[in-house]
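All remarks here apply to the structure that follows.
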Protein chains: 2
Amino acid sequence: MSPVARMPESSGGSREKILDVAESLFARRGFAGVGLREIAQAVGLGKSSLFHHFDGKAQLYLVVLGRVLGRIEGRLGGALASEGTAMQRLDRWIEALIDAFAETPPSARLLLRGLVEDEQLPPEAEALPEFAAVNDTLDRILAGVYRLLVEGQRAGEIRTGSPPQMIQTLIGAVVYHFASGELGERVLGAPLLSAESVRERKAELVRLFHTGIAACPGPRQEDPS
Amino acid sequence: MSPVARMPESSGGSREKILDVAESLFARRGFAGVGLREIAQAVGLGKSSLFHHFDGKAQLYLVVLGRVLGRIEGRLGGALASEGTAMQRLDRWIEALIDAFAETPPSARLLLRGLVEDEQLPPEAEALPEFAAVNDTLDRILAGVYRLLVEGQRAGEIRTGSPPQMIQTLIGAVVYHFASGELGERVLGAPLLSAESVRERKAELVRLFHTGIAACPGPRQEDPS
DNA sequence: CATGCGCTCGACCGATCGGTCGGGGCTCAG
DNA sequence: CTGAGCCCCGACCGATCGGTCGAGCGCATG
């Protein structure tokens, strides 16, 4: 076929390359919107080769999702284990989540799909061990921030209210933003992932959770504008 | 001959039924995840009949999306045109958005997909008039809340900060919540769409935007409710 | 040399995809 | 009656889907 000796150094990292490509494609068009042929071609392999690394499309998708969640969990764990008040750790938790999405841009979209699209996978995929692993990681992440919020409430640093409701807000405000793509850039009038936008997003969310959106009517400092 | 004033809707509600079914299915599994056969069967029609009401899958999807956006725009318009301060109107805007999603449950998921998945449609679909209509409606909605935020800032009712960033937060916190499905119910430990959950969500978001999440450190007045 | 193994491949499978086509039943105007 | 419009349908199209199969490759062992 090819007279030239193919195979630069591809033999080693094929699995990782497949995961990278699949992550990007699944993030863009979803589980049902991407074909294995397309993934294989983008990697530079034949479609059959994918089946030597993964058991099928559903398992590949779950491995991709698990890898993303694992990366995020690692970053968030650092924030949870850091020093300081619960509110300070919550700030770091938010910033770590933002950093995770800014570092690996497709993550946010992939995660949003994974979180919201429970019915996209064929039913038999729920029996795969990777499915349970994804759910476990998700539960650990959610339990971590839940404990942080409760601790903050007990310490009087966080106002009363339902921690699950706060978690929903946190996830929505962070994940949606970095998954919003073209529309988000239209709203912002600036690229989503530039260093400046990322910094601005962190500042906005930290400020939101500290003081809300309303101007503080009481004897709070206000800017002269 | 002469334009016969037929009434296309009463003669057969097929078109509306198709739209209802398609909205629900597209919301659950996305554009690529739903086949026309499945839609037709769920409606109780043959697949060919869909083509007598719509030009194809992409156009059907865009009509569904446009219908959802139209419903939402109607509700939000009422909030924008209401009486009161900008902050009061913003509260009503948020509550109207929540009501829209609570009333038509698939809306949130469909919208989240539509907003985030720009690459899911075949490229030629962007030339369809429905595509432009969807974008126009979206722009009007975004422009409306943008003006509201700026007005609130000028009136000193809303703190300084980037209105687009605030919009991203608003959308994420509301749309994600009602699109979060199974995971959201796991987080909340309660159904997403019960009257109580909807009321709680409104209260949480209004409170968030008014005072943040942190306990107010200063001598703020506590509302004696 | 031979053997086995990790990895890749093209050919092929049945099923399903979006979309087309010609025609049949229905109602209403002439 | 006869046509004209709808609305609907089953049959069919080429393309693509996820997945299987057997063989071929280079390479490390004997």
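Lettering of chains follows the sequences in order, A, B, ..., and the numbering in each one begins at 1.
In this structure, the CZ atom of Arg29(A) is 10 Å from the P atom of dC17(D), given to the nearest Å. Protein atom CG of Leu36(B) is 9 Å distant from nucleotide atom C1' of dC17(C), rounded to whole Å. In this entry the distance linking CD1 of Ile18(A) with C1' of dG6(C) reads 14 Å, nearest Å. Nucleotide dC17(D) holds its P atom 12 Å from the CG atom of Leu25(A), rounded to whole Å. Between the NZ atom of Lys57(B) and the C1' atom of dT20(C) there is a distance of 17 Å, given to the nearest Å.
Here Asp136(B) contributes atom CG and Ile141(B) contributes atom CD1; the two are 11.0 Å apart, rounded to the nearest 0.5 Å.
Using a 4.0 Å cut-off on heavy atoms, the residues of residues 37-51 of chain B that approach DNA chain C are Arg37(B), Lys47(B), Ser48(B), Phe51(B), listed by number. Near DNA chain C, defined here as any heavy-atom distance below 4.0 Å, there are no residues from residues 123-135 of chain A.
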Practice prompt. Report the C-alpha distance between Arg67(A) and Asp20(A) in whole Å, list the side-chain angles of each, state the deciding distance to 0.1 Å, and finish with yes or no for salt bridge (Lys or Arg N to Asp or Glu O under 4.0 Å).
Written response: CA-CA 10 Å; Arg67(A) 200 177 65 147; Asp20(A) 290 340; 2.8 Å; yes

Atom pairs and distances, side-chain donor-acceptor, residues 35-44 of chain B, under 3.5 Å, sequence neighbours left out:
| unit_1 | atom_1 | unit_2 | atom_2 | d |
| --- | --- | --- | --- | --- |
| Glu38(B) | OE1 | Arg29(B) | NH2 | 2.6 |
| Glu38(B) | OE2 | Arg29(B) | NH2 | 2.3 |

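Contact annotation: His53(B) does not reach the phosphate of dC6(D) (side-chain N/O to OP1 or OP2, under 4.0 Å).
Between the Thr169(A) side chain and the Gln165(A) main chain, a donor and an acceptor come within less than 3.5 Å of each other. Of the possible polar contacts, none joining the Ser197(B) side chain to the Leu193(B) backbone as a donor-acceptor pair under 3.5 Å is found.
Contacts of Tyr61(B) classified as ring-ring contact (aromatic ring centres under 6.0 Å, His included), with partners at least two apart in sequence or in another chain: Phe26(B), Phe31(B). Scored by the salt bridge (charged side-chain N to carboxylate O under 4.0 Å, His left out) test, Glu200(A) finds no partners at all (sequence neighbours excluded). Applying the side chain to side chain contact (heavy atoms under 4.5 Å, CB included) test to Ala179(B) and every residue at least two apart in sequence or in another chain returns Val116(A), Ala108(B), Arg109(B), Leu112(B).
In the interface, the side chain of His52(B) is paired with the base of dC8(D) through a donor and an acceptor atom under 3.5 Å apart.
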